[in-house]
Amino acid sequence: MERTEAYDPQEIELRWQERWRFPSALDQRGDGRCFYLLEMFPYPSGRIHMGHVRNYTIGDVLARYLRARGHRVLHPMGWDAFGLPAETAAIQRGVQPATWTYQNIAAMRQQLARMGFSYDWKREIATCHPDYYRWEQLFFLQMLERGIAYRKKAVVNWCEQCGTVLANEQVVDDQCWRGHRPVTKKELDGWFLRITAYADELLEGLETLTGWPEKVRTMQRNWIGRSTGAEIDFAVAELEEHLTIFTTRADTLFGATFASIAAEHPLAQAMGAAGGRSAEVAEFVARITRQEATERAQGKEGVFTGCHVVNPVNGEKLPVYVANFVLMEYGTGAVMAVPAHDQRDFEFARRYGIPVRVVVQPPGGALAAEKMEAAYEDDGVLTGSAEFNGMTSADAREAITARLQEHGKGRARVNYRLRDWGISRQRYWGAPIPVVHCAACGVVPVPPSDLPVMLPTDVELLEGGRSPLPSLQRWLSVPCPSCGAAARRETDTMDTFVESSWYFLRYTTPRLETAPFDRAELERWLPVDQYIGGVEHAVLHLLYSRFFTRVLRDLGYLNLDEPFRNLLTQGMVIKDGAKMSKSKGNVVDPDELVRQYGADTARLFSMFAAPPEKDLDWSERGVEGSYRFLTRVWRLALSFEGRGFSWTDPGPGDVDSAAAALRSTVHETIRRVSRDIGERMHFNTAVAAIMELVNAIYERRASVSTDEPVAQFATATVLRLLSPFAPHVTSELWERLGAVPALDEVPWPDHDESALVRDTVELALQVNGKVRSRMTVAANASEADIIAQALADEKVCADIAGRTVRKTVVVPGRLVSVVVG
RNA sequence: GCCGGAGUGGUGAAAUGGCAGACACGCCGGACUCAAAAUCCGGUGGAGGAAACUCCGUGUCGGUUCGAGUCCGACCUCCGGCACCA
């Protein structure tokens, strides 16, 4: 092959990035369908990592493909810009968090541009900008008005390292989600969003999200944790009080032999006092509340309060224990204990010598309390339960609950694991919560006309990471909006997950100053047609966003239940068997990768090495392979340079059969690549198909000159199909070959169905399910002809000799199956 | 324990119920070269055979089917989520 200029990605890519002007969605002409394509926006840490490269390449391949298909594509990018690292960095480097953040944004914007990602930068947003968070403050005020936002004193998760409260969703394995530092419990005043009011809706909505991975739906289902049962009131014998318990097993009510309450239960001390066991109860409560959750799980422990409660169905008096395994956070913090049918109660009863009473018999079984070694927890048939005897557990649950309801002693009830979302953060770098504390008026909302409550940006950061806001007098002191007296601003800021709960809506009108959204624009673009991001947000961002969408719907902003129609959760980038991370020292720097191989290679490798939802195993050799492939394309295309190149399909025409076969392969490749990108999102096989086409052209080229129209058409099609993956090198080659218009203005190719039709097909011949031979038949041969020819096949004949043909199956274009007996 | 997902060559991985392993990496061989690199061509699941070819093969055991990596049942292993949740 003649010498050609070497492939130099640096020079080419910078030149094309300079030339490209990506169309803003609204500038795009045509009446193509509106498509909202979104990748989860990054935290501006200062540098992109391989996870970003992978995530945003998936998005960009789709964006470029969809635009070539004639869609109007909204493909925005922005910055999840509030958060703790900015404060930490600011303290360490003596720079304002705002300065640090905006510098990082500039650096990362540069890096993304260097990858050739085609974002609509006119719509860029940064959540730390007052023009963004002012609307969030407005939403907060409207939620406050509706009781969705509220303030309460509660036991919360406290991360000492971060110096702030965390939401339940942000605690993973008793550790902080960010730094994996231990989380402790602390009682604190703070602001909450009533996500529990939407629990049922959020749960039911999951059923409609058929475009989401089952895994994410399951995680959210588990997180919401709905369970149906009954609340039952037990009168306390020694006090004028009721103890209300929650149970999912009302059918076992006759089997209750004691009751347990949490150490933090409000009646614990009173019962101890009334039962004459104050000292014992106090001692136990003090000891238990000091223990960590993991320590508590060691064994069932408790202390008798001296008090009893009365079983509403049979009047029995049951001793009440304070027990270490009862959680105040779930249900009512009190449970009825049925040792025969609950393993925890069983262990507790054995330890403290409490009777075990069987009230549910398994099918055909005859449990005897004294012989049991574990609780029988499954459903069965009731026994020892008065008039409910003989009922199934399921029927009995309803019947007993109904009976209790009649007598005002209980009611059907649904419980959730989901807790309200604590959004107060005792930190500086976040959106201020727009309320004022007044000695006379209490908590007073800031009037909407006074928004935004600006976060001061020239602050003195305090060692140890404490927020400077509580001591910043010039900001702190304000007149009460209600009475005008001296008052003080709220110094808590909002959880950063509040910003990310609605940013996808703001992209539709990012610069609108009179309102957060324009309804027509929201309706044009929402819901997001395709959302792409990491699975680590399955119960954080993705749950909060669903909640926020419904709240904003109820506030009248939009008419939408679910924000994200289709969700793709891409896998992690792995190297040496572990997720890439600084602490493991196995990171690959995208800048370095781009410097060495170019952005096109980085993009191609991250799409080719694995299907998007799977983890991607980093391989230096694999990167080299992708680079080699682009070089191969480079040489192939340039061999056509300066010869009057034509990119159009020459049609069936007067060509030899090998040329017809190549043309057929081209159309087959168009079909496969289009389906893989547009429907299946199997980018790795799309790339593989293009590679096969390149191999086929090389084979053809070995014998035929570059003047051949089919070879030109095939090569041009490679460039078109490859352009979403490697836009720079394909654009460059396209231009060098003199093809017009420019590659990003050429529509996506359609395949010609008739070109896929071949004259003859090869069929496999099976005898009793095993492939014995193969044969070639005319593509339009009749089934009878095919069978006749198959039975005449030499090997088939040998195989079926002396046996009877019982059945033949013909699968057109595939095989013939002969069954003999 | 409950709920999801996944188990295929030396490796990353392909396969609307229809010829398992496409494509790529690696390795082996050849061409080119004084030589090397690059490039191009060929081979590459395992076992047997000089060869044509034969047998085996998608975690295990069963089932459905002319035909199963794919569907059904049971189990094993790994990954992820939830978990003294009453």
Nearest-angstrom distance, P atom, B:G9 to B:G46: 12 Å

Interface residues of residues 414-421 of chain A with RNA chain B (non-hydrogen, below 4.0 angstrom): A:Arg417

Side chain to side chain contact (heavy atoms under 4.5 Å, CB included) involving A:Thr401 - partner list, sequence neighbours excluded: A:Ala230, A:Ala250, A:Ala412

Ignoring hydrogens and angles, write down the donor-acceptor pairs under 3.5 Å from the side chains of residues 608-618 of chain A, residues two or more places apart or on other chains.
residue, atom, partner, partner atom, Å
A:Asp615, OD1, A:Met572, N, 2.8

For A:Glu398, all residues meeting side chain to side chain contact (heavy atoms under 4.5 Å, CB included), sequence neighbours excluded: none

Pairs where residues 208-234 of chain A contributes a residue and the test ring-ring contact (aromatic ring centres under 6.0 Å, His included) is met, not counting sequence neighbours: none

Sequence neighbours left out, cut at 3.5 Å: what donor-acceptor pairs do the side chains of residues 335-346 of chain A make with other protein atoms?
residue, atom, partner, partner atom, Å
A:His341, ND1, A:Tyr376, O, 2.8
A:His341, NE2, A:Val359, N, 3.1
A:His341, NE2, A:Val360, N, 3.1
A:Asp342, OD1, A:Arg344, N, 2.9
A:Asp342, OD1, A:Arg344, NE, 3.1
A:Asp342, OD1, A:Asp345, N, 3.1
A:Asp342, OD2, A:Arg344, NH2, 2.6
A:Gln343, OE1, A:Ala375, N, 2.9
A:Gln343, NE2, A:Glu347, OE2, 3.3
A:Asp345, OD2, A:Val338, N, 2.9

Secondary-structure string, 5' to 3', Watson-Crick or G-U under 3.5 Å, | for another-strand partners, for RNA chain B: (((((((..(((.....[....)))((((((.......))))))((((....))))..(((((..]....))))))))))))....

Under 4.0 Å protein heavy-atom contact, by nucleotide of nucleotides 41-46 of chain B - B base, S sugar-phosphate only: S-----

Pairs where residues 673-697 of chain A contributes a residue and the test salt bridge (charged side-chain N to carboxylate O under 4.0 Å, His left out) is met, not counting sequence neighbours: A:Arg672-A:Glu692, A:Asp676-A:Arg680

Nucleic acid footprint by protein, nucleotides 64-70 of chain B - heavy-atom cut-off 4.0 Å, B for base, S for sugar-phosphate alone: --BS---

Residues that A:Glu214 engages under salt bridge (charged side-chain N to carboxylate O under 4.0 Å, His left out), provided they are two or more places apart: A:Arg217, A:Arg221

Close approaches to RNA chain B from residues 328-342 of chain A, in residue order (heavy atom, under 4.0 Å): A:Tyr330, A:Val335

P gap between B:A47 and B:G67, integer Å: 30 Å

